[in-house]
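The block underneath contains the structure these notes are about, expressed in structure tokens.
Residues take their numbers from the sequence shown, with the count starting at 1. The analysis underlying the following values was restricted to heavy atoms, covering all of them including side chains, and did not include hydrogens, waters or symmetry mates.
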Amino acid sequence: MGLADASGPRDTQALLSATQAVELRRRDYHMERPLLNQEHLEELGRWGSAPRTRQWRTWLQCSHARARALLLQHLPVLVWLPRYPVRDWLLGDLLSGMSVAIMQLPQGLAYALLAGLPPVFGLYSSFYPVFIYFLFGTSRHISVVLEVCRKLPQSKVSTVVTAAVAGVVLLVVKLLNDKLQRQLPMPIPGELLMLIGATGISYGMGLKHIFGVDVVGNISAGLVPPVAPNTQLFSKLVGSAFTIAVVGFAIAISLGKIFALRHGYRVDSNQELVALGLSNLVGGIFQCFPVSCSMSRSLVQESTGGNSQVAGAISSLFILLIIVKLGELFRDLPKAVLAAIIIVNLKGMLRQLSDVCSLWKANRADLLIWLVTFAATILLNLDLGLMVSVVFSLLLVVVRTQMPHYSILGQVPNTDIYRDVAEYSEAKEVPGVKVFRSSATVYFANADFYSDALKQRCGVDVDFLISQKKKLLKKREQLKLKQLQKEKKLQKQAASSKGASVSINVNTSLEDMRSNNVEDCKVMVSPGDKMEDATANGQEDSKAPDGSTLKALGLPQPDFHSLILDLGALSFVDTVCLKSLKNIFHDFREIEVEVYMAACHSPVVSQLEAGHFFDASITKKHLFASVHDAVTFALQHPRPVPDSPVSVTRL
């Protein structure tokens with residue numbers, strides 16, 4: 001009991017300590033602060049525009065750390081190879097590299113024949129560029145192209161049967177790999193086993209001689225020495241080279257990012273361009289044709305367990321071994337088996353046709369880009385199709401920025417959070433204050449849409465009110481001008497009548513003059529006396545309310561006295577945006593509504609300063625740190641609003 005009694009005060013003390021800690025944390029996060037506009041922020045944080053550093057100075061800096069960083073940046077193999085997990089990845093990379101190498105053997109030969117080169121140069125194109133990419137590339141799965149229907153009558157039954165059998169066997173192996181993925185220590189190398197088995201069957205049964213099945217054939221051994229490019233061909237090939245470079249890089253970076261997202265690593269686009277350029281540069285010296293990543297071989301490398309660029313290095317070294325010594329072993333390999341491997345490994349890409357349904361539900365703009373790219377690539381060829389898709393994507397971005405979501409914001413009760421009143425039922429507009437937000441930045445392509453949407457959402461036809469105000473003021477000026485002309489005419493008449501009054505008899509008694517008509521007495525008043533009276537009347541009019549207000553002119557007033565522009569979505573401003581914002585300030589002030597801005601990012605503020613946006617009429621006191629600061633300031637400094645607010649729209 002004594003121990004239990006002693007533990008009671010301890011528990012109470014611990015509970016009090018925990019309660020005090022929670023209260024302290026609440027106090028830390030709950031802060032009361034004064035209103036902050038841009039001037040206050042600059043004074044508080046000693047803010048200044050970011051200094052403009054000259055990039056060339058950074059490039060020319062020499063130090064050991066910078067040299068090491070540049071070396072690691074442009075030679076990624078020095079970064080990932082020391083950390084290579086040999087136990088986990090080596091076996092998969094070894095099998096993957098051998099499978100890809102065996103695919104590269106006949107494909108390289110076929111591509112060389114299509115290019116009009118000796119078959120051995122196709123093997124060179126499968127060795128030099130792939131090994132260079134191993135050193136400089138960042139993607140772990142990339143492996144460095146429509147007459148089918150027309151050629152169907154020329155197909156051989158034996159070749160079709162061979163390809164069909166090979167394809168079915170590969171599909172069965174892949175299904176087994178999917179079903180037994182957790183039980184198997186590594187995937188079954190179906191492609192490798194298929195190539196070995198098909199070569200043995202072809203050699204034993206004589207598929208080439210008996211059934212006429214095309215095989216790889218003889219491969220000449222040895223390497224050729226490097227040769228300098230023929231400079232006379234530069235002018236003829238520069239256009240084609242540019243197209244090949246653009247298309248090759250686009251395919252490489254697209255596939256690289258697909259595999260990177262699938263396996264959770266990052267691909268450096270700039271380094272990929274360097275790697276592909278060096279691969280083709282070195283390959284060109286050894287008379288290789290231009291290369292890029294291969295969709296089919298990349299999929300084979302992934303599906304056979306490839307984990308890193310080591311698979312590419314093993315593939316290139318295996319090709320080198322074949323070039324030098326082992327080319328004879330694969331002369332009986334049927335080409336139909338290789339075609340079956342390619343088609344089976346393309347099933348993953350063919351499954352992307354099902355993305356049409358998911359894109360229709362998720363994002364129809366992306367679906368439109370997908371369809372345009374697909375159609376343009378098929379109808380216009382790869383290079384033109386790629387160009388059409390890029391241009392269409394850019395145009396679609398411009399169109400989407402012209403149709404952002406505009407909203408009037410209201411305050412969530414008892415918070416400093418403001419949300420769209422059309423979407424949040426709890427959010428209520430602050431009386432006398434309109435808060436407007438756009439979901440996109442404002443620039444030359446959508447500045448007019450921003451202004452029009454602002455005036456429409458505010459419920460006031462600003463242009464109509466301004467035009468009516470100008471008409472009434474112009475009419476008043478015309479009336480004043482007519483009144484002034486009339487007064488001048490009366491002054492002339494008074495001056496002429498004053499000269500006639502000199503002939504009045506000076507002996508007339510004062511009593512008789514007092515009995516004369518009042519109008520005759522007015523005629524005797526001098527012009528100087530009349531000017532003094534006019535000045536006095538003018539001083540009295542200056543004390544009266546301004547006659548140019550909407551109320552004095554008989555025009556309806558807006559039901560709000562302040563407008564706040566939430567500019568948090570702005571990422572930059574151009575000259576058209578600056579002019580549009582200035583026009584908004586001018587137009588709403590014409591209808592007696594003060595304008596404020598809120599939530600601008602620092603780079604945007606710097607651009608506003610550089611564009612000379614701030615002046616005597618629009619100062620940094622009109623720019624607040626948050627929407628709530630602007631609302632609070634507007635409520636503390638309201639303009640007079642009418643007793644019965646009226647929203648005006650043009651009929």
Side-chain angles (χ1 to χ4, degrees), residues 76 80 89 92-93 96-97 99-100 103-104 107 129-130 133-134 136-145 174 177-178 181 187 191 244-277 279 291-312 315 341-378 382-383 385-390 392-393 396-397:
W80 61 263
W89 286 6
D93 285 337
S96 176
S99 300
V100 173
M103 285 187 63
Q104 285 177 333
Q107 288 184 0
V130 176
Y133 186 86
F134 157 74
F136 293 93
T138 59
S139 177
R140 302 175 186 174
H141 296 89
I142 283 182
S143 178
V144 186
V145 159
K174 288 186 175 295
N177 284 332
D178 294 337
Q181 183 178 6
E191 288 83 2
I244 293 173
V246 172
V247 174
F249 175 70
I251 296 175
I253 197 61
S254 299
L255 282 179
K257 291 194 174 184
I258 288 174
F259 291 123
L261 289 174
R262 187 179 299 175
H263 295 276
Y265 62 93
R266 180 179 176 273
V267 172
D268 187 350
S269 302
N270 294 331
Q271 187 60 28
E272 286 297 298
L273 185 59
V274 172
L276 286 175
S279 298
V291 299
S292 181
C293 70
S294 170
M295 183 183 300
S296 59
R297 279 177 278 179
S298 298
L299 292 172
V300 168
Q301 180 168 319
E302 180 198 30
S303 62
T304 53
N307 297 299
S308 69
Q309 295 93 323
V310 171
S315 173
I341 293 175
I342 293 173
I343 294 173
V344 170
N345 284 284
L346 281 176
K347 65 181 178 63
M349 289 296 178
L350 295 177
R351 286 179 180 174
Q352 290 187 357
L353 292 173
S354 62
D355 292 346
V356 174
C357 299
S358 59
L359 287 175
W360 175 262
K361 298 177 181 179
N363 194 322
R364 296 184 181 179
D366 288 346
L367 173 61
L368 188 59
I369 296 175
W370 193 98
L371 293 175
V372 169
T373 304
F374 180 77
T377 303
I378 291 178
L382 186 59
D383 50 355
L386 180 63
M387 185 181 300
V388 169
S389 63
V390 171
F392 180 78
S393 300
L396 190 60
V397 170

- request: Specify the closest pair of heavy atoms between Gly248 and Leu276, including all atoms of both residues, with the distance to one decimal.
  value: O-CD1, 4.2 Å
statement: Residues passing the side-chain contact (heavy atoms from CB on, under 4.5 Å) test with Asp366, sequence neighbours excluded, are Leu359, Asn363, Ile369, Arg400
statement: Nearest heavy-atom approach of Leu396 to Ala365 is CD2-O, 3.7 Å
query: With sequence neighbours left out, what residues match Phe374 under ring-ring contact (aromatic ring centres under 6.0 Å, His included)?
result: Trp370
query: Which atom pair, heavy atoms only, marks the closest approach of Val267 to Gly256?
result: CG2-O, 3.5 Å
query: Any donor-acceptor pair under 3.5 Å linking the side chain of Ser393 with the backbone of Ser389?
result: yes
- prompt: In Å, rounded to the nearest 0.5 Å, how long is the span from OG1 of Thr373 to CG of Leu368?
  reply: 9.0 Å
query: When rounded to the nearest 0.5 angstrom, what distance separates CZ in Arg266 from NZ in Lys257?
result: 8.5 Å
